[in-house]
Amino acid sequence: MNIEITLPDESVRTYEKAITGEEIAFDIGPKLGKDAVAIEINRKLYDTSYVITENASIKILTKKDIQSLSILRHSSAHLLAQAVLNLYPGTLYGVGPDIEDGFYYDFLFKENISDADLPKIEKEMLKLSKANQLFVKSIQKKPDAMDLFKNQQFKMELIDSADESEGVEDSEVSLYSNNEFIDLCRGPHVPNTGFIKHFKLTRLGGAYWRGDENNSQLQRIYGTSWFNKEDLEQFLTRRVEAEKRDHRKLGKQLELFTTADELGPGQFLWKPNGALLRNTIENYSKKAHINNGYDFVNTPHIGRSVLWETSGHLEHYEEGMYPPLQSKDNDDKYYLKPMNCPFHILIYKSELRSYKELPIRLFELGSVYRFEKTGVLHGLLRARGFTQDDAHIFCTFDQINSEVNNLLRFSIALLKSFGFKNIEADLSTKPKKAIGNDEDWNIATRSLEVALEDEGIDFVTAEGEGAFYGPKIDLHVKDAIGRRWQLSTIQIDFAQPDNFDLEYVSTQNSKDRPVMIHRALLGSIERFTGILIEHYAGEFPSWLAPTQLKILTIGDVSDYVKNITAKLSGVRFEIDDRNIRLGEKIHDAKKQNIPLTLIIGEKDLSNNTGSLNILNSESKNNLDIVSLVDFIIDDVAEPEFEF
RNA sequence: GCCGGAGUAGCUCAGUGGUAGAGCAACGCACUUGUAAUGCGUAGGUCAGGGGUUCAACUCCCCUCUCCGGCUCCA
């Protein structure tokens, strides 16, 4: 019996008997044999040691293939567990998958370890790596596996709940061992531990067993692993870069915002520089909304409890709301608003609405307060008090598609204006805990899908991730160093119009129910500003910079400078006329990331010149002052809104 | 909320039981300055807050608050 093996280039090799992936690789070439990480057989991944017994299409994976990195990292997690069990006998081990950029493994140590222990574990891993231990797969009956792991409660739990999705029969589990270390695992793995050379343990943190906060708390060790030294180093450099961009650090350095213990956690004070930045963002967004059919409204910060009972927030999110305020007049309770929608609904309801008015788009920069758990707070990115660029669109059923299409275009245009060019979408469907009937959910979900298709936007579906009242589209952007941030959200809602008994008079003179679309495009202004700070590493484009231009003087040039500044209307500038050396003034301006620095000295008076330093670009020295002023005016202009 | 770490001058940080230190910033004086920090001087701290141990606590112990890294959560 011959076995025909088809390679990716369609060529066929024939073997007389069963053969392993490794043997095929070596047969193709010794280099490939040595580099083989895993093998893809009929589009499924296997170890190179897998024995092929029938005709198949295969591909030998090497470090050049993307999937190989996940395999390497998964194997690295095993190596980590092996090292930990060597060093800390009696440790219980949980799960250890590969993740983006690396891997982790969860442990329950007899005594908690600390960051200081990581280098020791790393050293042990290196030792094991050098031993070139083979990863060997075996299939065991569940009772036998139970016996093997009889002192490992987490593994026993995993064996107990393992099913066919693990790639073996229901009564069996798949195991991997290298030397004395054995772990429950679906695989595949790299051929031996020698493949795992360039790794680093990056972090130690807590994690609940099986991600459930009712379960015991394990210690999770994070690591990263690569095929090449350069890749590892590049990754570590990127982490340092990300740290430098931390908006909390830059916010302090650039005097954008501050906090105070007396305020309480999750709340921020915007200093003049930050307020300038924030106002620039807000004003740009406001202008775009004014030009695109939104009506501006303003609403208060608190409302009677009945409002939140009607909306369902009290039922669904009471834990996440600040506790109520007690009225002094009567028994009424008031809640700080966690969302703006009920207030906008009240505005809608304040008049009898006609189909002729729809769609009605109510916009507000609305400040909301959510009682986030202390552990989740993270600078501006996750605050308790924040301001949404929030709007609610009330429209007829037939208007949904055009509204959502429009919104998608509008939102993408807005995000692009702020420098985010790379935008992706998620479509989130009905969650377990939801209100409204399935039919409405399907219609709403379908109309979001149609809009995404109409606009030609690629999206992934996030099952069960919708809001409790409706499905949503979330837009994500990639920042300058490739991190993904969720910004815009567009949500269709049939439930709230029902809850609040919203109506409009139709062409037939009947009272019909409008549909609501909730949408926030920048999301929270605080969060958006934080993301912008990290995206630009605190070096904002001129139109966003709090101070756009700094004029540095040498000697007495005050009249000349006065003439220049008279032409700079609309430019946010400062004059540094301290009697100190120019070098120091430049140093200070640079430290504040001022995009433009105009240097004016006495010798410019007779020549009508100036010198302009441009952040991260070549300076323009001793040029005609009129052309420099033109350049400045042009450079600080806000981007066109391309919609 | 849970696991772990941290909190010292406005900022960045040193200080392992004997009454607290540096650099930058601030303030004063001198220097009058052409592309990344001029020199000298002055002032500044209930060592997060509270309690305890000790002859003596920034230092050791307990509680609280806040921050950081994770987990969980995110309308």
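Quick caveat: nothing in here was measured; it's all calculated off a predicted structure. Per chain, numbering begins at 1; letters A, B, ... match sequence-line order.
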Taking 4.0 Å as the cut-off, does a side-chain nitrogen or oxygen of A:Y208 come that near to OP1 or OP2 on B:C71?
no
Determine the contact category for A:K252: base if any of its heavy atoms lies under 4.0 Å from a base atom, sugar-phosphate if only primed atoms, P, OP1 or OP2 are that close, otherwise nothing.
sugar-phosphate
Using atom P in both nucleotides, what's the gap between B:C55 and B:A25 to the nearest angstrom?
46 Å
State which of B:U35, B:U66, B:G69 makes the closest approach to the side chain of A:P265.
B:U66
Under 6.0 Å from the ring centre and within 45 degrees of the ring axis: does the NZ or CZ of A:K110 meet both conditions for the six-membered ring of A:Y88?
no
Is there a donor in the side chain of A:W308 and an acceptor in the side chain of A:E318, or the other way round, less than 3.5 Å apart?
no
Within the 4.0 Å heavy-atom criterion, would you say A:H313 contacts the bases, only the backbone, or no part of the nucleic acid?
base
Do the side-chain N or O atoms of A:R203 get closer than 4.0 angstrom to the phosphate oxygens (OP1, OP2) of B:C3?
no
Closest to the A:E213 side chain: B:U38, B:G1, B:A75?
B:G1
What contact category does A:N621 fall into here, base, sugar-phosphate, or nothing, at under 4.0 angstrom with non-hydrogen atoms?
base
Have a look at A:G583 and say if it touches a base, only the backbone sugar-phosphate, or nothing, with a 4.0 Å heavy-atom cut-off.
sugar-phosphate
Roughly how many Å is it from CD in A:E465 to P in B:U72, rounded to a whole number?
12 Å
Using the side chain to side chain contact (heavy atoms under 4.5 Å, CB included) rule, pick out the option among A:L521, A:N340, A:L362 that qualifies with A:D390.
A:N340
Salt bridge check: are A:D212 and A:R210 linked by an N-O gap of less than 4.0 Å?
no
For nucleotides B:C24 and B:A36, find the distance between their C1' atoms and express it as a whole number of Å.
15 Å
I'd like to know if A:Q217 reaches the base of B:G70 with its side chain, counting only an N/O donor and acceptor under 3.5 Å.
yes
Touch check for A:E602, heavy atoms < 4.0 angstrom, all strands: base, sugar-phosphate only, or nothing?
base
May I have the distance from A:H378 (atom NE2) to B:C71 (atom P), rounded to whole angstrom?
12 Å
Using the C1' atom as the point on both nucleotides, what is the distance between B:U54 and B:C40, in whole Å?
45 Å
Using a heavy-atom cut-off of 4.0 Å across all strands, would you classify A:P338 as base, sugar-phosphate, or nothing?
base
Checking contacts here: which listed nucleotide (B:C3, B:U35, B:A75) is nearest the side-chain heavy atoms of A:M339?
B:A75
Span that lies between the C1' atom of B:C13 and that of B:C74, in whole angstrom:
36 Å
Only pairs with both distances under 3.5 Å count, Watson-Crick or wobble alike; so what is the partner of B:A25 in this structure?
none
B:U32 P sits how many Å from A:D576 CG, rounded?
18 Å
Do A:K585 and A:D577 meet the salt-bridge criterion of a basic N to acidic O distance under 4.0 Å?
no
Pair partner, B:C55 [Watson-Crick or wobble, under 3.5 Å]
B:G18
Taking the side chain of A:V376 as its heavy atoms from C-beta onward, which of B:A75, B:G4, B:C71 lies nearest to it?
B:C71
Ignoring hydrogens and angles, answer whether the base of B:C74 and the side-chain atoms of A:R382 contain a donor-acceptor pair closer than 3.5 Å.
yes
Contact class for A:D212 vs. all strands (heavy atom < 4.0 Å): base, sugar-phosphate, or nothing?
nothing
If you compare every side-chain N and O of A:R370 against the phosphate oxygens of B:A75 (OP1, OP2), does one of them come in below 4.0 Å?
no
Same-atom distance (P) from B:C68 to B:C31, integer angstrom
47 Å
Need one value for A:D261: base, sugar-phosphate or nothing, where a base atom within 4.0 Å counts as base even if backbone is also close, heavy atoms only.
sugar-phosphate
For B:U35, does the base pair up with any side-chain atom of A:S611 as donor and acceptor (N or O, under 3.5 Å, distance only)?
yes
Answer yes or no on whether A:R220 is positioned over the face of A:Y104, meaning its NZ or CZ is under 6.0 Å from the six-membered ring centre and within 45° of the axis.
yes
Checking all strands, does A:G264 fall into the base, sugar-phosphate, or nothing category for heavy-atom contacts under 4.0 angstrom?
nothing
Carboxylate-amine/guanidinium proximity below 4.0 Å for A:K373 and A:E213:
yes
Which value, in whole Å, describes the distance between the C1' atoms of nucleotides B:G50 and B:C11?
28 Å
When you look at A:R513 and A:D501, which way does the salt bridge (Lys or Arg N to Asp or Glu O under 4.0 Å) test go after all the steps?
CA-CA 8 Å; A:R513 189 75 83 213; A:D501 198 21; 2.9 Å; yes
Tell me which nucleotide among B:G4, B:U38, B:U35 gets nearest to the side chain of A:E584.
B:U38
Would you tell me if any nitrogen or oxygen in the side chain of A:S114 comes within less than 4.0 Å of OP1 or OP2 on B:G4?
no
With the side chain of A:I586 defined as its heavy atoms from C-beta on, choose the nearest nucleotide among B:C71, B:A36, B:G1.
B:A36
Please determine whether a side-chain nitrogen of the Lys or Arg among A:D246 and A:K252 lies less than 4.0 Å from a carboxylate oxygen of the Asp or Glu.
no
With both distances under 3.5 Å as the test, what is the Watson-Crick or G-U wobble partner of B:A6?
B:U66
Mind checking the P distance from B:C58 to B:G21? Whole angstroms is fine.
13 Å
To the nearest Å, how far apart are A:K585 NZ and B:U38 P?
12 Å
Among the candidates B:U38, B:G34, B:G70, find the nucleotide nearest to the side-chain atoms of A:Y222.
B:G70
Taking only the side-chain heavy atoms of A:N613 (C-beta and beyond), determine which of B:U35, B:C3, B:C74 contains the nearest atom.
B:U35
Please classify the nucleic acid contact of A:G211 as base, sugar-phosphate, or nothing, using heavy-atom distances under 4.0 Å.
sugar-phosphate
Sticking with atom P, work out how far B:A57 lies from B:G52, rounded to a whole angstrom.
12 Å
Looking at the side chain of A:R581, which of B:C71, B:A75, B:U38 is the nearest nucleotide?
B:U38
